[in-house]
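Every chain is numbered from 1 and lettered A, B, ... according to where its sequence line falls, protein lines coming before strand lines.
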Amino acid sequence: MTRTWQAAPSVGHPMARVEGFDKVTGRARYAGDVALPGLAYGWVVPATIPRGRVLHLDVEAALAMPGVLAVLHQENAPRLTDIGEGTLFLFQGDRVPHWGAPVALVIADTPERAREAAERMRVDYLPEPPDCVFRADHPALYEPRFVNPHNETVTEKGDIDGALAAAAVVVDAEYRTPAQHNNAMEPHSTTAVWADGRLTLRTSTQYAYAWSQSLTRLFGFAPGTVRVLSEHVGGGFGNKGNPPRPDSALAVMAATLVGRPVRVTLTRPQLWPLTGYRTPTAQRLRLGADRDGRLVAVEHLAAVQTSRLVEFTEQVTMYSRPMYAAPHLRTGHQVVALDVPTPRWMRAPGEAPGSFGLESAMDELAEACGVDPVELRLRNDTADDPTTGLPFSSRRLADCLRVGADRFGWAGRDPRPAVGRDGRWWRGTGVAGAHYPARTVPSTAHATALPSGEFVVRVAATDIGTGARTALTQLAADALEVPATVVRVLIGDSDFGPAQGAGGSTGTASWSWPVVTACRDLAHRLASGEAVPPHGLTSTFDSTDAVRARHELARYAWGAHFAEVAVDVTTGEVRVPRLTGVYAVGRVVNPLTARSQLLGGMTMGLSTALLEESIMDGRFGDYVNHNLADYHVATNPDVGELDVAVVDDPDDELNPSGVKGLGEIGIVGVPAAIANAVWHATGVRQRELPITPARAAL
Amino acid sequence: MREFAYARARSVDAAVALVADNPGARYLGGGTNLVDLMKLGVERPDLLVDVTGLPMHEVTEDGDTLHVGALVRNSDLAAHPLVRERYPVLSQAVLAGASGQLRNVATTGGNLVQRTRCGYFTDATKPCNKRMPGSGCPAIEGEHHNLAILGASDHCVATHPSDLAVALAALDARVGVQDLAGPQEIPLADFYRPVGDRPDLELTVRDGALVTGVALPPLPAGARSAYRKVRERASYAFAIGSVAAVLKVDDGRVRDVRIALGAVASHPWRARVAERALVDAPATPPAFEAAAEAELAAARPLRDNAYKVPLIRNLVVAVLSELVGDR
Ligand SMILES: Cc1cc2nc3c(=O)[nH]c(=O)nc-3n(C[C@H](O)[C@H](O)[C@H](O)COP(=O)(O)OP(=O)(O)OC[C@H]3O[C@@H](n4cnc5c(N)ncnc54)[C@H](O)[C@@H]3O)c2cc1C
Ligand code: SF4
């Protein structure tokens, strides 16, 4: 076979998405699109009380309705293994854990018939008084054993109280962020099909391999029974992360019960109680500094909520652990279990709300010390992680701040608040730092040379719209030293073996390790004359040992955000004409898709700052604005000019491709930069999100 | 599956004959509100009578009155040259509503008759006096940050969501309707029923009356008009407060003023108290503010919507002041 060696590398080029054409022409098939003969449809019957027991379900009446094949409920559902995941332990008893939890699933021959029967089903409950409202002083708050995913609940260095008592300047403030729901465009949908003793799920997941493992254990199937396919996923933002979402388990149960393929798709309102959300947070920040703004003490404490089903504690104050130098530093968390849906991951879990606390408090400190907020952050830069003492693999926060200040035109800013009146608007500017952990997770990939001269790479990765498939194609092409046009990367299939999911900004960093290594190995074998058999020549690499052998270092991506806001003097409407984001994110594999990720993150940060809030009615235990008309996500007119730049960040201590991951850092700190700008514009501190006209009004 | 019949009306009389006095029947305009409510199980009609084929698509002049057919699409209404020239407030109000896609299909009649966006009303699993009379009003103690501050009752605190209707209220528009008794025209101000103890009854006309159009009388010579809407999101969001105003000023004094407030009551709220306070008053911000305060003295805000009181006051002052200023 001939090999076409390419002089120019593919990495670094703005290659258009390899599946872009299929997506814009509708050829790409999402989980709920796949047509199958004999497909039946499951529809969730949601609980309409927040707490209590199911006494009776009128199953007979539902079964008598046209097209209804079966009703799944606690009496006929398969018995499950308790894998510590209460949201999947469905129909195993009569307890109602929260409003909207499934109490039955109606299966019918069309979705309309399933829905009608589900909506008409009579359910009798024995309600109990619920406790659904999160409060910073809830008496049931406690310190959990760890916070997400497996981090220390509390860290403590030095003597916080002593340092604060002695500090020349102290900021002591409370900040609040609301519950938010990550609304991807594509709904959650799973189609389950049994064939030849195997169960195939086409589902909307960010974690194909992990879902196959969890569902296998949940149902007590033999290893290898469940295959999860997720070729195209229409967004996730964490809401399709691990563990599996209930649609998957329901589809498995239903297909098993009725002996034919079953699809379960959740509606937009069902997303609110069933798929996860970002917990509301209450944070207290105490900063102590000298008169020049050098921090002596940082204390960051947070309270969050979880459900009765799972202890899920968002790692809010982890943001403050590596961020700014401080000899005395304490972070901690408390959580309260309520009769509410289970919170889950949402873009930059921990860092997004935590950065609102710390980066807002830093702005208050800048004001108190009379130091420019950019300069204040530079003064508190550090070479080692202030909590663990570990050196950073790279730390480019200062570069991001300087480059950002320059691009934004920060120099010469009048630090006084409420001096920028311009006709109908108060104008102001604000800044915030940002970081996001640069993690790499063990994964496996296979690279195959075909006799045709083409290459196929297989890895159980997911592309949730980020461009991951394209980036892996570029990395594989360079490792193989061939043009990207002869490389096909297959993803979204759990049969490709263990692999990290698309979450925690770990995807490309994790998958690229085995992809690049397997491709290099294959190129080497080909170069040394190994023949390509008719079915292809394959190299496989599992990065587990290599990842574990790395030095112990603090690895992070860095960033800085600058915001200009205009606040309407009459109405309190806040507009954001301009945002600048500057990032250090290791090697940028594809500047086009990277930019889109960062723009998307900044936009979501803006949306968090001004709009997004799920409103709990504690009498029902329901987030009552559970639709996209009432839960506001930013639209085009909300978004002004977005300026994105990256600074050089070579980092050999990460992984063979030098990739840090950039899916989340774009959201971190943006709400604080905007809130700080609103203070600069109006003189009124915004310690609670979102900054609606009601809050910003003067 | 929930089945319903669909009929395409061949004439106004035929449409009225099908729907009037038939509680299970609904007119279908653009469907942007009705079809959503059907999907949510809030509306469960067994007959939809599609009126979009009826001859009510025109904007016509009759002397100095402008007639807008009930089927004129929101986008066409906003773009109509005579509307833009004579009634800027109306064009601005329509363009401030919904989204381009929705305005392209939404009709004038449907816009006036659209239902409230109260989240308990649109969720069939919740009690709601408007949807299920006698079941209670959870909004009063619950989520109501965008509900009424004026004219509400202990039975319902919903707001009417339309922007268009607020402008029509300020324009002294009349609504053309037809029922089994024949056609009639009624002032928009009398078209909506006060809430009282029957929030399920929203209109004063007979059940199943067809809206045939809207008549716009001329504005006083020299009057100016404007609409301003406040919303949480820059586009594609309902008002949390809005003001439509028509103002005529001579020698620094108010000669004619009409003010309608949106997102504050179960219907567009004509600010008659403020208007009376302004007749022959100096056209200055302090006078506007005093008038707005006088109107808002009747406000009865709930736990989470008191912000609307200063918001509306500021908005009235800003809109009237802008109308006074040179353009
Ligand atoms: C996401 C979203 C955002 C929106 N934002 C705004 C906004 O910001 N401002 C705003 O003003 N509106 C807004 N709307 C509402 C929109 O303007 C209305 O849905 C639309 O105007 C209704 O017109 P339609 O022709 O589609 O009515 P339909 O949905 O067809 O009908 C609505 C009601 O009117 C009745 N009806 C229709 N035609 C007649 C008639 N000729 N005579 C008597 N009864 C009739 C129907 O039976 C039904 O009860 C929004 C809607 C959505 C979905
Ligand atoms: S305010 Fe009116 S529409 Fe809303 S819940 Fe109460 S009765 Fe229903």
Task: Salt bridge present between A/Glu116 and B/Arg44 (N-O < 4.0 angstrom) - done: yes

Task: Region of A/Asp617 in contact with chain B, defined by heavy-atom distances below 4.5 Å - done: side chain

TODO: May I ask you to decide if A/Thr635's main-chain N or O and B/Arg233's side chain share a donor-acceptor pair within less than 3.5 Å?
DONE: no

Task: Note, B/Leu311 side chain near A/Thr571 side chain (heavy atom, < 4.5 Å) - done: yes

Task: A/Glu119 bridged to B/Arg2 by N-O distance under 4.0 Å - done: yes

Open item on the list: With a 4.5 angstrom heavy-atom cut-off, is it the side chain or the backbone of B/Ile240 that approaches chain A, or both, or neither?
Closed with: side chain

Open item on the list: Quick one, B/Pro138 and A/Phe620 - any side-chain contact, counting heavy atoms below 4.5 Å?
Closed with: yes

Task: Greatest number of heavy atom pairs closer than 4.5 Å to chain B - which of A/Arg115, A/Arg120, A/Arg424 - done: A/Arg424

TODO: Report the option among A/Ile615, A/Val574, A/Thr692 that has the most heavy-atom pairs separated by less than 4.5 Å from atoms of chain B.
DONE: A/Ile615

Task: Contact origin within A/Asp622 toward chain B - heavy atom pairs under 4.5 Å - done: side chain

Task: Residues A/Asp568 and B/Arg228 bridged, charged N to O under 4.0 Å - done: yes

Open item on the list: Would you compute the distance between atom CG of A/Asn625 and atom OG1 of B/Thr122 and round it to the nearest 0.5 angstrom?
Closed with: 10.0 Å

Open item on the list: Can you confirm whether B/Asp154 is buried at CG, in the sense that more than 12 heavy atoms of other residues, nucleotides or ligands lie under 6.0 Å from that atom?
Closed with: no

Task: Heavy-atom closest contact (B/Ala234 atom, A/Arg575 atom, distance) - done: CA-NH2, 3.7 Å

Task: A/Ile691, part contacting chain B, at a heavy-atom distance under 4.5 Å - done: neither

Open item on the list: Around atom CG of A/Asp422, are there more than 12 heavy atoms from other residues, nucleotides or ligands closer than 6.0 Å?
Closed with: yes

Task: Most chain A-contacting option - heavy-atom pairs closer than 4.5 Å, from B/Lys308, B/Arg117, B/Arg231 - done: B/Arg231

Open item on the list: Looking at chain A, which one of B/Val317, B/Asn146, B/Thr125 has the largest number of heavy-atom pairs inside 4.5 Å, strictly under?
Closed with: B/Thr125

Task: Beyond-backbone contact of A/Asp638 with B/Ser235, side-chain heavy atoms, under 4.5 angstrom - done: no

TODO: Give a yes or no on this: more than 12 heavy atoms of other residues, nucleotides or ligands lie within 6.0 Å of atom OH of A/Tyr125.
DONE: yes

Open item on the list: With a 4.5 angstrom heavy-atom cut-off, is it the side chain or the backbone of A/Thr48 that approaches chain B, or both, or neither?
Closed with: side chain

Open item on the list: Heavy-atom count check: over 12 atoms from other residues, nucleotides or ligands less than 6.0 Å from B/Glu141 CD?
Closed with: no

TODO: Measure the shortest side-chain to side-chain distance between A/Met616 and B/Glu143 over non-hydrogen atoms and say whether it is less than 4.5 angstrom.
DONE: no

Open item on the list: Is A/Arg695 in contact with chain B via its backbone, its side chain, both, or neither, using a 4.5 Å heavy-atom distance?
Closed with: neither

TODO: Sort out for me which of B/Gly241, B/Ala124, B/Gly142, B/Ser99 touches chain A most, counting heavy-atom pairs under 4.5 Å.
DONE: B/Gly142

